[in-house]
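Notes follow the structure.
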Amino acid sequence: MVNGTFKNLPIIALDFPNGGEAEQFLNNFDGQQLFVKVGMELYYQAGAEFIKALKDNGHMIFLDLKLHDIPNTVHRAMKVLAGLSVDMVNVHAAGGSEMMKAAIHGLEEGTKAGQTRPALIAVTQLTSTSEEQMQREQLINCSIDKSVLHYAMLARDSGLDGVVCSAFEAAAIEKNAGSGFLRVTPGIRMAGNNSNDQKRIVTPSDARDMGSSMIVIGRPVTQAEDPVLSYGKVLTEWER
Ligand SMILES: O=c1ccn([C@@H]2O[C@H](COP(=O)(O)O)[C@@H](O)[C@H]2O)c(=O)[nH]1
């Protein structure tokens with residue numbers, strides 16, 4: 001599970017094309033231990049070696065590969081990912097309960113003796129998806145709040161530790177799934193920031209007030225002129 005101290009830190013999305021650029025970014029923080037997220041771009045380029053380097057430097061790691069495949073494939077892949085000793089991994093809830101249960105079993109089997117298995121969370125509806133888009137393209141004929149809550153409960157009933165959701169759905173998830181069930185929220189923007197491709201965005205303080213338990217932020221920090229200053233502002237607003 002997620003270590004208590006780090007749990008309160010905003011997660012920085014290291015969306016860089018290679019390990020060198022990610023390291024250059026991290027050097028700005030002068031040895032500070034951070035909670036970082038490694039996504040598909042960086043992992044496909046820099047791989048397990050880079051994860052090890054992050055761990056050696058004391059960072060907490062959310063490996064955001066969003067697995068979505070048949071249960072057997074996800075089970076086997078999760079067994080491998082557990083061997084990386086990261087802190088959090090994820091799947092798409094749309095893969096179904098059988099797939100999510102297989103993911104947990106894979107993580108349990110792959111976790112080294114004496115270590116804690118990585119927390120497993122499920123993506124509900126991406127924060128880059130609007131309600132209109134979801135209804136038109138996925139043919140889901142209900143509100144996005146309802147779809148996200150449905151996926152969250154499916155994930156909870158499958159034994160997962162939480163979900164990725166926007167802040168708009170966080171309170172309902174907390175109410176229905178319990179406060180221990182993680183609500184990890186990307187799509188975080190400071191007032192006046194560019195929303196980029198995100199559709200369901202909120203500020204760090206709104207995320208906290210609306211019931212998110214953790215936040216993920218990328219471009220507003222990684223592409224800032226002064227990333228340390230920008231991260232500091234996010235942290236202060238999140239902690240209040
Ligand atoms: O629903 C989701 C799931 C994952 N993400 C990831 O979070 C970051 C957000 O980056 P920003 O630059 O702050 O927009 C990114 O790595 C996504 O892959 C998400 O945004 N929404």
Side-chain angles (χ1 to χ4, degrees), residues 9-19 21-22 25-26 34-46 50-51 54 59-68 86-95 119-131 133-134 137-138 140 144-145 147-152 155 160-170 173 182-207 210-225 227 230-231 233-235 237-238:
L9 294 179
I11 302 173
I12 305 176
L14 296 179
D15 291 325
F16 291 101
N18 54 59
E21 285 190 37
F25 167 80
L26 291 170
L34 303 167
F35 201 148
V36 296
K37 182 176 86 63
V38 175
M40 292 179 246
E41 181 189 18
L42 183 55
Y43 189 73
Y44 293 161
Q45 222 291 322
F50 185 72
I51 297 291
L54 286 173
H59 300 301
M60 286 277 284
I61 305 167
F62 171 16
L63 184 56
D64 176 22
L65 299 180
K66 301 184 184 72
L67 275 63
H68 187 174
V86 293
D87 302 282
M88 193 187 282
V89 293
N90 61 357
V91 293
H92 271 286
L120 177 63
I121 60 175
V123 176
T124 53
Q125 290 287 349
L126 293 166
T127 51
S128 57
T129 302
S130 68
E131 182 167 273
Q133 205 178 0
M134 177 199 80
E137 296 184 357
Q138 299 179 38
I140 292 180
I144 199 158
D145 296 9
S147 171
V148 169
L149 182 59
H150 168 71
Y151 279 137
L160 272 66
D161 304 298
V163 284
V164 179
C165 63
S166 90
F168 297 101
E169 305 96 30
I173 295 171
L182 298 172
R183 287 106 35 221
V184 180
T185 295
I188 298 298
R189 293 293 181 270
M190 299 296 276
N193 278 171
N194 189 333
S195 57
N196 309 108
D197 49 355
Q198 298 283 7
K199 304 283 170 22
R200 307 195 324 281
I201 61 167
V202 293
T203 63
S205 59
D206 283 346
M210 291 162 80
S212 299
S213 47
M214 301 176 84
I215 54 170
V216 176
I217 187 158
R219 287 162 288 188
V221 172
T222 55
Q223 294 181 12
E225 234 168 75
S230 167
Y231 173 72
K233 286 181 181 168
V234 173
L235 181 62
E237 204 187 299
W238 171 242

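Just follow the structure's listing: the first ligand is 1, and inside any ligand the first atom is 1. We use all heavy atoms of the structure for the numbers below, so side chains are in, but hydrogens, waters and symmetry mates are not.
To the nearest 0.5 angstrom, Leu14 atom CG is 6.0 Å from Phe50 atom CZ.
Within ligand 1, counting atoms from 1 as listed, the ones closer than 4.0 Å to a heavy atom of Leu126 are 1 (O), 2 (C), 3 (C). Those atoms of ligand 1 that come under 4.0 Å of a heavy atom in Thr127, given as number and element, are 1 (O), 2 (C), 19 (C), 20 (O), 21 (N). The Ala13 neighbourhood of ligand 1 comprises atoms 8 (C), 16 (O), with distances under 4.0 Å to a heavy atom of that residue. Near Asp15, meaning under 4.0 Å from one of its heavy atoms, ligand 1 places the atoms 15 (C), 16 (O). Ligand 1 places these atoms under 4.0 Å from at least one heavy atom of Arg189: 11 (P), 12 (O), 13 (O), 14 (O).
Residue contacts with ligand 1: Lys37 is placed with a nitrogen or oxygen under 3.5 Å of a nitrogen or oxygen of the ligand (distance criterion only). Looking at ligand 1, you won't find any N or O of Ser128 less than 3.5 Å from one of its N or O atoms. For a threshold of 3.5 Å applied to N or O pairs, the pair formed by Pro186 and ligand 1 contains no separation below that value.
Distance alone, capped at 3.5 Å, places no donor-acceptor pair between the Asp145 side chain and the Glu169 backbone.
The protein atom (non-hydrogen) at minimum distance from atom 18 (O) of ligand 1 is Lys66 NZ, 3.6 Å. Ranking the protein heavy atoms by distance from atom 9 (C) of ligand 1 puts Gln198 NE2, 3.7 Å first.
A donor-acceptor contact closer than 3.5 angstrom is absent between the side chains of Arg219 and Asn193.
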